[in-house]
Amino acid sequence: MSSQYLPQELIRKKRDGLVLSDAEIGFLVKGISDGSLTDAQLGAFAMAVFYQGMCMKERVSLTQHMMYSGEVLQWQDMKLDGPVVDKHSTGGVGDKVSLMLAPIVAACGGYVPMISGRGLGHTGGTLDKLESIPGYDVCPDNDKFRAVVNEIGCAIIGQTANLAPADQRFYATRDITATVESIDLITASILSKKLASGLDALVIDIKTGNGAFASEYEMAKELGQSIADVANGAGVSTRCLISDMNQILGHSVGNGVEVVECIEFLTNPKDADQRLLTLTLELAAQMLQLGGKDPNLAAARENTQQALHSGRAAEVFANMVHTLGGPIDLIENTSKYITPTEIIKPVLSESTGYVSAIEPRAIGLNMINLKAGRTKSSDVIDHGVGLTGMVGLGQWVDVGDPLVYVNVRDNDQFEFLQKNIPPLIQFSQEKPKEKPLIYEILEASK
């Protein structure tokens, strides 16, 4: 082996701000996958990238090598009659969009092989929500996964060991070496997993605001532009929307309670939370147009509205749940399977005025204290506890009105939330200026 392929020399090269070649990055990713790169070397490489960054060619190379570190799904043999499309969100409090979006897109003729994650930190995970449903298999083998996508039009599952395995080890190392917040490494991590799904098009929802990972707008924009450029550079049409996360999305936070809100959304969309409805339908329309299913966004928006309001999307959701092991009558008998907690009580307002500010990040962290989320990947979560009926920005509240209903196991949990939730909601006598829901849509740089 020549000296230029010694791991320490490549780490030194990146440490000194030089550009790594495609072959050198390929060598390092192979070392991540087969274990020949030690944990110490991997941590040092991550820190070198964190401080020195990567140029666009390096980002594309790292993404593609991590994508090909395991199995890459192929769909050509199935002769699907629509595009294979997906959505990824950088995560937020109450972000349950995937559960409605995948069935809506499938009902419009797209195919959605959605590989989702668990919650860690203050944001919830799609898999944790789905595991509230008895029998739902979040880890089917690839043959079953492909068959469900082919038959139903969508399947939402967890990352398998065969999909972008280099990313799994790399992310675990970044998590314990303070190198998570690198635009280069976040880009490669997100896209290596998504592009390994064999997509025709991808839409990314970059959250920004108090409840988002990218709380600063400039970071959200930089990440969105990086993802759009790298994914298109890797051959997959990709668009990034920057959306607001300064309040919870929808009116519930938790796992089972969010699944219940999703079912209500699909079966009775006219009463759905307006922000949740708008964002879900817009992301779905963007996926259909970008994937070529619809000629323009106006047609795609009309199709998503029809799919939702006709009940076709609810039918797809029910079929997906049942085909992946869940109950056949989940929609008709939701409370039979997702049982309410022993105590459901309101936290009442002590103030009068318009809701002027909410701290979704702190709300998410409070829910972790009650085991609705986890602080480390091995934590066992309680799928039942949650918040429902949460007030939103700009809403008028009188003294004694409910701010939120807490769904808990005992009075200690209730008292904890009764003490901790009200300080996270601020009021003013003037109605606050409404923030945009979608700030910006980013395409690949010309």
Checklist line | Plane angle bin for Tyr439 and Tyr217 - parallel if under 30°, tilted between 30 and 60°, otherwise perpendicular | finding: perpendicular
Notebook entry, point to check: Could you give the distance from CG (Asp294) to CD (Gln286), rounded to the nearest 0.5 Å?
Noted result: 11.5 Å
Notebook entry, point to check: Can any side-chain N or O of Glu258 pair as donor or acceptor with the backbone N or O of Gly254 at less than 3.5 Å?
Noted result: yes
Notebook entry, point to check: Should we say atom CD1 of Ile328 is surrounded by more than 12 heavy atoms from elsewhere, each under 6.0 Å from it?
Noted result: no
Next item on the list: Would you indicate whether the side-chain heavy atoms of Ile206 and Leu241 approach each other to under 4.5 Å?
Entry: no
Check: Salt bridge between Arg409 and Asp382, side-chain N to carboxylate O under 4.0 Å?
Finding: yes
Check: Between Thr208 (side chain) and Ala214 (backbone), is there a donor-acceptor pair under 3.5 Å?
Finding: yes
Check: With distance as the sole criterion, is a donor-acceptor pair present between the side chains of Tyr111 and Asp81 under 3.5 Å?
Finding: yes
Margin query: For Asp229 and Gln225, which I'm curious about, is there any donor-acceptor pair between the side chains at under 3.5 Å?
Written below: yes
Margin query: Distance alone, cut at 3.5 Å: any donor-acceptor contact between the side chains of Asp22 and Ser61?
Written below: yes
Margin query: Closer than 3.5 angstrom, by distance alone: can the side chain of Thr339 be matched with the main-chain N or O of Ser335 as a donor-acceptor pair?
Written below: no
Note to self: So that I can tick it off, tell me whether Arg59 and Asp184 are bridged by a salt bridge, with the cut-off set at under 4.0 angstrom between side-chain N and carboxylate O.
What the structure shows: yes
Item checked: Leu18 CG to Cys55 SG distance, which is reported to the nearest 0.5 Å -> 11.0 Å
Margin query: Main chain of Gly392, side chain of Gln395: is a donor-acceptor contact present, judged purely on distance under 3.5 Å?
Written below: yes
Next item on the list: Would you give the length of the straight line joining atom CG of Leu28 to atom NZ of Lys14, rounded to the nearest 0.5 angstrom?
Entry: 10.5 Å
Check: Tell me, do Ile363 and Met390 make a side-chain contact under 4.5 Å, heavy atoms counted?
Finding: yes
Item checked: Asn333 side-chain N/O to Lys336 backbone N/O, donor-acceptor pair under 3.5 Å -> no
Checklist line | Residues which pass side chain to side chain contact (heavy atoms under 4.5 Å, CB included) with Val180, listed by chain and number, not counting sequence neighbours | finding: Tyr171, Arg174, Asp175, Phe213
Checklist line | Glu261 versus Ser252, side-chain donor and acceptor atoms under 3.5 Å | finding: yes
Note to self: Give me the atom names and distance for the closest heavy-atom approach of Leu191 to Val230.
What the structure shows: CD1-CG1, 3.8 Å
Next item on the list: Run the numbers on Met219 and Ile186 for side-chain contact (heavy atoms from CB on, under 4.5 Å), then give the verdict.
Entry: CA-CA 12 Å; Met219 182 188 179; Ile186 296 168; 4.2 Å; yes
Check: So, Lys144 versus Asn142: side-chain donor-acceptor pair below 3.5 Å or not?
Finding: no
Margin query: Can a donor-acceptor pair be found, under 3.5 Å and without considering hydrogens, that links the side chain of Asn232 to the backbone of Ala228?
Written below: yes
Next item on the list: Decide yes or no for His383 and Glu131: does some side-chain heavy atom of the first lie under 4.5 Å from some side-chain heavy atom of the second?
Entry: yes
Next item on the list: State whether the number of non-hydrogen atoms from other residues, nucleotides or ligands found under 6.0 Å of Glu315 atom CD is greater than 12.
Entry: no
Note to self: Would you compute the distance between atom CG of Asp167 and atom CD1 of Ile32 and round it to the nearest 0.5 angstrom?
What the structure shows: 9.0 Å
Checklist line | NZ/Lys13: more than 12 non-hydrogen atoms of other groups inside 6.0 Å | finding: yes
Margin query: Can a side-chain donor-acceptor contact be found between Thr388 and Asn407 if the only test is distance below 3.5 angstrom?
Written below: yes
Item checked: Donor-acceptor under 3.5 Å (Ser33 side chain, Val29 main chain) -> yes
Check: So which heavy atom on Ala313 is nearest to which on Ile104, and how close?
Finding: CB-CG1, 3.7 Å
Checklist line | Validation row: Cys154, Met114 side chains within 4.5 angstrom (heavy atoms) | finding: no
Notebook entry, point to check: Should Cys108 and Thr304 count as side-chain neighbours, where that means a heavy-atom distance under 4.5 Å?
Noted result: yes
Next item on the list: Could you grab the distance from atom CE of Met66 to atom CG of Leu62, nearest 0.5 Å is fine?
Entry: 5.0 Å
Item checked: Residues Gln306 and Glu302: side-chain donor-acceptor under 3.5 angstrom -> no
Notebook entry, point to check: Should Asp200 and Val236 count as side-chain neighbours, where that means a heavy-atom distance under 4.5 Å?
Noted result: no
Item checked: Worked check of side-chain contact (heavy atoms from CB on, under 4.5 Å) between Leu195 and Gln64 -> CA-CA 8 Å; Leu195 302 189; Gln64 289 183 314; 6.0 Å; no
Item checked: Leu99 to Leu266 - nearest heavy-atom pair and separation -> O-CD1, 4.4 Å
Item checked: Salt-bridge present (Lys207, Asp244; N to O < 4.0 Å) -> no
Note to self: Side chains of Arg361 and Val93, heavy atoms from C-beta outward: is any pair under 4.5 Å?
What the structure shows: no
Item checked: Value rounded to 0.5 Å, distance of CG in Asp205 from CG in Leu249 -> 8.0 Å
Margin query: Quick one about Ser132 and Asn255 (side-chain donor to acceptor, distance below 3.5 Å, no hydrogens or angles considered), yes or no?
Written below: no
Margin query: Using only atom types and a distance under 3.5 Å, with no angle test, would you say the side chain of Glu58 pairs donor to acceptor with the backbone of Leu20?
Written below: yes
Check: Is the number of heavy atoms from other residues, nucleotides or ligands under 6.0 Å of Glu216 CD greater than 12?
Finding: no
Check: Does the side chain of Tyr405 come within less than 4.5 Å of Leu387's, by heavy atoms?
Finding: no
Checklist line | Leu6 backbone acceptor or donor facing Glu9 side chain under 3.5 Å | finding: no
Checklist line | Verdict with reasoning, Val85 to Leu290, per side-chain contact (heavy atoms from CB on, under 4.5 Å) | finding: CA-CA 9 Å; Val85 292; Leu290 196 59; over 6 Å; no
Checklist line | Considering all heavy atoms, the nearest His88-Leu202 contact | finding: N-CD1, 4.4 Å
Check: Just by distance, with hydrogens left out, do Glu151 and Thr323 show a side-chain donor and acceptor under 3.5 Å apart?
Finding: no
Check: Between Pro7 and Gln41, what is the shortest heavy-atom contact and its length?
Finding: CB-NE2, 3.7 Å
Check: Going through the checks in order, is the side-chain contact (heavy atoms from CB on, under 4.5 Å) test met by Gln305 and Leu281?
Finding: CA-CA 7 Å; Gln305 289 271 4; Leu281 289 176; 3.7 Å; yes
Margin query: If I compare all heavy atoms of Pro134 with all of Pro327, which pair ends up nearest, and what's the gap?
Written below: O-CD, 3.2 Å
Next item on the list: Could you tell me whether the side chain of Ser310 and the main chain of Arg312 form a donor-acceptor pair under 3.5 Å?
Entry: yes
Note to self: Under 4.0 Å between a side-chain nitrogen and a carboxylate oxygen: does that hold for Asp77 and Arg146?
What the structure shows: yes
